[in-house]
Amino acid sequence: MKTKFSRIIMALMIVVILFTVIGLTLKDVMKDVNLGLDLQGGFEVLYEVEPLDEGDEIDDTALESTASTLESRVNVLGVSEPNISVESDNRIRVQLAGVEDQQEARELLSTQAELTIRDVEDNVLLSGADLVQGGASQNFDETGNPMVSLELKDPDKFREITEEISQRPQGENLMVIWMDFEEGEDSFAEEAQKENPKFVSAPSVSGPINSSEVMISGGFSGEEGLKRAQNIAALLNAGSLPVELTEIYSNSVGAQFGEQALDETVTAGLIGVTLVFIFMIAFYRLPGLVAAATLTVYIYLTVLGFNTISGVLTLPGIAALILGVGMAVDANIIMYERIKDELRIGRNIKAAYKKASAQSLWTIVDANLTTLIAGVALFIFGTSSVKGFATMLLLSILMSFVTAVLLTRVLLSLLVKSGYFNRKPGWFGIREKDRFDINEGKEIEDLSTPWDRFDFIRHYKKFFAVSIAMIVAGAIVLSIFKLNLGIDFTSGTRADITTDGSATVEQVEEELEAMDIPPESITTSGEDKVTARYNTDLSQEEVTGMQERFAELYGADPMISTVSPVIGRELARNAMFALALASVGIILYASIRFEWRMALPAVVALMHDAFIMVAVFSILRLEVDITFIAAVLTIVGYSINDTIVSFDRIRENLRKVKVIKSDEEIDTIINRSMRQTLTRSINTVLTVIIVVIFLVLFGSSAILNFSIALLVGLVSGVYSSMFIAIQLWGMLKKRQLSKNDGKLVVYEEKKKDEEKILV
């Protein structure tokens, strides 16, 4: 008894220690999570960097210098963790999560910040080159009004200029101070007639000024004036931009919207994951309890790892984390189903665990590595939040190996080797009366399954007919209605306006028309959200006006995204590249690990699933945006995962046959393999679907279409694995048998403990 309980106590101690660590550090770990724009609000913009003067070139030095200048400007805003990154050869992405005044951020980033002092005829007297770098400051004059103080490099030059200006006639003895004067467009004569002129100030000079400082005052009254003075000083100290920035993509999210999206999605995910835990414990008993413990550790370690690599958590990222639970659950289910099979043929608990652990390991590795390939493709070609989703997905797969594979095996090994459960198969979900005696010599293929009466091969033509009908119907719908492409692909502007629930679409549209920005289309989404679309990019002033107006009306800033045509084309192209790269990678891996006759049907099945998702979105007129591509590639991973598990069982059953002499033997192998793995396939997809359904019903509306795409893809993935991929392999195998004169030898070579199969 001492040996029995010492191992059980050790397993319990491991769990207690892990949960204690989680309990003590969870608050700090969650506090360190770097939330993305869609979870805390903020502003994101992608600039295309162009030469300021004709003949200049944009090289790495220019890009880094520009990024450094932008970072200096961002520091003025008080953003805790700005993310400024150089992309490709001429682009810089700026992400400012949590910034409150998005318009101020936009202006600070994009303004050229080139100060000039001119006369009334717009001739340059002094420029930024005459100022001491970092010598600008915001102060107050004698009356307490804000002003900007500038330090000059050459006081004598300033004295000579002021002396000359002071001798001009009254009204012409002005020094006009400009920020970003545009030659050929700006003039003092025109701006002086306006209520709010573009120039900063235009003080008169009555005599020579012998000083190393220039005091800019006037035009800085009130709180807005103070902020303007502070910004001018900050911009001058940060330096002028050595290039021209063209905004080609932007996205703004109100803080209220982000907080609501975070709460809704996390709550939906927690409920879904809790139900998965309950399902695992109810179906697998003791192993299910171990799974619940290790999956909890998995979630904690994944978030901790994400923090360690300074990842930015977005809504799709949360979905990837929750879906990763499904990947980790699958690793457990594969082994647990094996344990149950081994127990049923009469093996004792220890032997059943040892056999199942060894046989399931490579199945889990193969299934997860193929999903990993899809994740890598998504990371390479994804941008912004999609890249964050891919990062979380890749991290989830790696952590599932640490927890659902290694930790699960450690805990189960301790429990099994304790000997306490030797005569208690019920703890593993198997009744004693359902077990054979080991001396009867039963093999797993001799076991009955709930699916024994179903002949998968007999009906393969019906399955193909159903798929062909769906594909044809989808193609017809696509040709007629096309896809409802979002601005990610079509370019333009999208505004998601959160109302108080009482406003109608007509009222929102009237407000937009009153602002002289009538939308091309306007629709509702839920009870309190209206979406307005524009085929063109709204200007900064129009975006600001919209945000201020609807914030005043409904207390929440609209979520506004703007995409230029060049970005739309790139996203579409990158999506195709990602899918192609994932397909090629999967074909190569599956061909090496299995055979090309398995690799090709697997890719055909995943293409089938991708098209079904596209067709459903066309039929339902759901919007296709960049997160839809993430959903498609995720399903590609899940689909290939399920197919690989089935092929792995087929390969195992092939090893036992040695020589195939008829088509019927191939049919028997397929039916046997399908019946043996179907329970696992259903249980795995059920655990994931549970979570996805809760994301659809209770998650944020921002990822509703993403969640629907996952739900459609999951169902299609199970269908294609069973009724497309496996059946196609059977057809190719029969053709190979026919070419080999009705005899197909399956060679087995044993080298140490490794078994190879060549078919």
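Each residue takes its place number in the sequence, starting with 1. In what follows, every heavy atom counts, from backbone to side chain, and hydrogens, waters and symmetry copies are set aside.
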Q: Please examine the side chains of I380 and V376, heavy atoms only from C-beta on, and report whether any two atoms are closer than 4.5 Å.
A: yes
Q. When you measure from the side chain of Y719 to the backbone N and O of D609, does any donor-acceptor pair fall under 3.5 Å?
A. no
Q. Going from CG on L369 to CD1 on I364, what distance comes out if it is rounded to the nearest 0.5 angstrom?
A. 11.5 Å
(Q) Under the criterion side-chain contact (heavy atoms from CB on, under 4.5 Å), I'd like the reasoning laid out for Y298 against S396: C-alpha separation, chi angles, the key distance, then a yes or no. (A) CA-CA 8 Å; Y298 151 80; S396 296; 3.1 Å; yes
**Q.** Over all atoms of both residues, closest heavy-atom pair of L622 and N484
**A.** O-CB, 3.5 Å
Q.
Rounded to the nearest 0.5 Å, what separates atom CZ in F594 from atom CZ in R651?
A. 4.5 Å
(Q) Can you confirm whether K340 sits close enough to P287 that some side-chain heavy atom of one is under 4.5 Å from a side-chain heavy atom of the other? (A) no
Q: Determine the minimum heavy-atom distance between S662 and L737, stating which atoms define it.
A: C-CD2, 3.5 Å
**Q.** Validation row: T294, N332 side chains within 4.5 angstrom (heavy atoms)
**A.** yes
**Q.** Exercise: identify the closest heavy-atom pair between T391 and F306
**A.** CG2-CE1, 3.8 Å
Q) Could you state the interatomic distance from CG (L478) to CG (L483), rounded to the nearest 0.5 Å? A) 5.5 Å
Q) Is a donor on one side and an acceptor on the other found under 3.5 Å between the side chain of S479 and the backbone of I476? A) yes
Q) If you measure from the Lys or Arg side-chain nitrogens to the Asp or Glu carboxylate oxygens, is any gap between E665 and K733 under 4.0 Å? A) no
Q) Under a 4.5 Å cut-off applied to non-hydrogen side-chain atoms, are V290 and Y284 in contact? A) no
(Q) Within this structure, what is the CD1-CG distance for the pair I666 and N671, rounded to the nearest 0.5 Å? (A) 12.5 Å
Q.
Looking only at side-chain N and O atoms, does N683 offer a donor or acceptor that is under 3.5 Å from a partner on Y336?
A. no
Q. Which heavy-atom pair separates V696 from S707 by the least distance, and what is that distance?
A. CG2-CB, 3.5 Å
**Q.** S673: which of N653, D648, T668 passes side-chain hydrogen bond (donor to acceptor under 3.5 Å, both in side chains)
**A.** N653
Q: Please report the C-alpha distance between L394 and L372 in whole Å, then the side-chain angles of each, then the deciding distance to 0.1 Å, and finally whether the side-chain contact (heavy atoms from CB on, under 4.5 Å) criterion is met.
A: CA-CA 6 Å; L394 293 171; L372 200 68; 3.6 Å; yes
**Q.** Which atom of S721 lies closest to which atom of T643, heavy atoms considered
**A.** OG-OG1, 2.8 Å
Q. Does L275 reach the side chain of F694, with side-chain heavy atoms less than 4.5 Å apart?
A. yes
**Q.** Pairwise side-chain contact, F401 with L406, heavy-atom cut-off 4.5 Å (strictly under)
**A.** no
Q) Just how far is it from atom CD of E664 to atom CD1 of I457, taken to the nearest 0.5 Å? A) 11.0 Å
Q.
If we ignore hydrogens and angles and just use 3.5 Å, is the side chain of N705 paired with the main-chain N or O of E623 as donor and acceptor?
A. yes
Q. What are the two closest heavy atoms between A725 and P601, and how far apart are they?
A. O-CB, 3.3 Å
Q.
Please determine whether a side-chain nitrogen of the Lys or Arg among D667 and R458 lies less than 4.0 Å from a carboxylate oxygen of the Asp or Glu.
A. no
(Q) Can you confirm whether more than 12 heavy atoms, excluding those of K354, are under 6.0 Å from its NZ atom? (A) no
(Q) Quick one, T296 with F277, criterion side-chain contact (heavy atoms from CB on, under 4.5 Å). Give me CA distance, side-chain angles, the key distance, then yes/no. (A) CA-CA 9 Å; T296 302; F277 288 177; 3.6 Å; yes
Q.
For F463 and M722: C-alpha separation, side-chain torsions, deciding distance, then whether side-chain contact (heavy atoms from CB on, under 4.5 Å) applies.
A. CA-CA 10 Å; F463 302 140; M722 293 189 295; over 6 Å; no
Q: Look at the rings of F464 and Y460 and say which category their plane angle falls in: under 30° parallel, 30 to 60° tilted, over 60° perpendicular.
A: perpendicular
Q) Can you find a pair of side-chain heavy atoms, one from R675 and one from F456, that are under 4.5 Å apart? A) yes
Q.
What I'd like to find out is whether the side chain of F617 reaches to under 4.5 Å of the side chain of I708, using heavy atoms alone.
A. yes
Q: Any pair with a residue in residues 326-338 that passes salt bridge (Lys or Arg N to Asp or Glu O under 4.0 Å), sequence neighbours left out, goes on the list, sorted by first then second residue, please.
A: D330-R680, R338-E652
Q: Output yes when a side-chain donor or acceptor of S716 lies under 3.5 Å from a complementary backbone atom of V712, and no otherwise.
A: no
Q. Going from CD1 on I726 to CZ on F647, what distance comes out if it is rounded to the nearest 0.5 angstrom?
A. 4.0 Å
